[in-house]
Amino acid sequence: MGVLENKARARLFYKYLSKVYDEINPFIWNEEMRTEALDLFGIEEGDVVLDVGCGTGFATEGLLERTENVHGLDQSIHQLEKAWAKFGKNEQVKFYRGDAERLPFEDDTFDALWSSGSIEYWPNPVDALAEFRRVVKPGGSVLVVGPNYPHSTVFQKLADAIMLFYDEEEADRMFTAAGYEEFDHHLQGPSYNPEIAITTVATVPEATAEDEEPLAADD
Amino acid sequence: MKESLMDILCCPLDKQDLELEVVRRDDDEILDGRLVCTECGEEYPIEEGIPNLLPPDMREETPA
């Protein structure tokens, strides 16, 4: 359990991280990786997409190249302020403050959902993944980019102390527990470290066991 | 936030419908107001045009 699993601490961490985030970000999650992930995501113009943990808006910018209907949610006002500086507050993107594990959206609201560089801070990743399944229409894509291992030594030490890292086996377990049946993992990274990120693309199933009426015991 | 977003928003706690109370608006843009859960009564502020739908246990005491 990392210290960021306390949400108040996560907020404080982000308050300071947001000051340098865009400067360190290109080293761990760059435009090339973003484009690769956007190709895997496979959205089309007109799709309504939610960016969970949009932060300073690096992924949001890429999503806007593919569709104009982008919604961004983040818990940190300090991160969002950076995003507003890029896109305006109420113009290109609809922004919300909210919690990934308790989304404030109706069922089947979005055509697709993207979340990059956020899962490592959620106390209960399976709860968030189940919420993603709920708010995305059946057949829609859910893309999650996991631990972007920082390149700078200082941030590596910090990351080792506070973040969740997971491998493909653990990703299988989390997505299955959250009710997904169809998903693929892709390892991504820059040439000097090609496997620092794990990108999972899942398809939201039509219905899951928990949505169905439990079968009566046959006794 | 645009009033049309009421169609997709719900209470993050019990997923029930929210009621919009407008304090300040500029055409179809809600600048200040509240979203109130029709079921549990929890209130979510709209501050400077941004709906704050963080559950109460994650809200900061003072606005940043």
Side-chain angles (χ1 to χ4, degrees), chain A residues 6-12 14-16 18 48-50 52-54 69 71-84 87-111 113 121-124 127-128 130-131 134-137, chain B:
Chain A
N6 173 320
K7 290 191 180 182
R9 281 185 182 160
R11 277 201 300 276
L12 187 66
Y14 277 119
K15 181 174 175 177
Y16 295 102
S18 63
V48 182
V49 179
L50 176 65
V52 173
C54 63
N69 301 319
H71 298 242
L73 176 137
D74 204 280
Q75 67 161 287
S76 164
I77 190 90
H78 309 284
Q79 296 273 99
L80 281 174
E81 280 166 355
K82 297 275 179 129
W84 296 336
F87 312 111
K89 251 181 163 178
N90 297 300
E91 292 140 40
Q92 299 177 66
V93 180
K94 317 273 186 308
F95 286 107
Y96 315 85
R97 291 187 71 191
D99 180 15
E101 294 174 9
R102 291 170 289 179
L103 292 175
F105 302 105
E106 300 278 357
D107 294 4
D108 303 342
T109 293
F110 300 98
D111 295 303
L113 185 150
Y121 307 110
W122 304 333
N124 305 295
D127 291 352
E131 273 289 82
R134 182 183 67 78
V135 303
V136 173
K137 293 171 188 164
Chain B
M1 62 166 265
K2 298 260 188 297
E3 192 163 350
S4 59
L5 293 178
M6 292 307 295
D7 291 346
I8 63 166
L9 291 174
C10 69
C11 177
L13 299 176
D14 57 21
K15 316 301 182 194
Q16 299 301 309
D17 288 344
L18 297 167
E19 206 171 85
L20 173 66
E21 292 176 11
V22 179
V23 174
R24 191 162 60 97
R25 73 156 75 216
D26 179 12
D27 285 336
D28 62 339
E29 198 68 47
I30 315 297
L31 298 173
D32 283 294
R34 265 186 305 277
L35 297 164
V36 184
C37 179
T38 54
E39 184 67 29
C40 70
E42 190 59 52
E43 294 185 9
Y44 303 92
I46 302 168
E47 300 153 332
E48 302 288 324
I50 303 295
N52 182 349
L53 289 146
L54 283 170
D57 57 277
M58 287 176 72
R59 258 179 242 155
E60 286 158 35
E61 290 72 27
T62 51

Practice problem: Describe, in one word, how the ring planes of H71(A) and Y96(A) are oriented to each other, choosing from parallel (under 30°), tilted (30 to 60°) and perpendicular (over 60°). | Solution: parallel

message = I'd like to know if the side chain of K15(B) and the backbone of L103(A) have a donor-acceptor N/O pair within less than 3.5 Å.
response = yes

Note: vs chain A, highest number of non-hydrogen pairs under 4.5 angstrom among I8(B), L35(B), L5(B) is I8(B)

Scored by heavy-atom pairs under 4.5 Å with chain B, the best of K94(A), R134(A), E131(A) is R134(A)

Applying a strict 4.5 Å limit to non-hydrogen atoms, the region of E48(B) in contact with chain A is both

- Can you list the steps and then say if L13(B) with C37(B) is a side-chain contact (heavy atoms from CB on, under 4.5 Å)? CA-CA 9 Å; L13(B) 299 176; C37(B) 179; over 6 Å; no

Kindly indicate, with the supporting measurements, whether the criterion side-chain contact (heavy atoms from CB on, under 4.5 Å) is fulfilled by E106(A) and D17(B).
-> CA-CA 9 Å; E106(A) 300 278 357; D17(B) 288 344; 3.2 Å; yes

The interface call for L18(B) against chain A, heavy-atom contacts under 4.5 Å, is neither

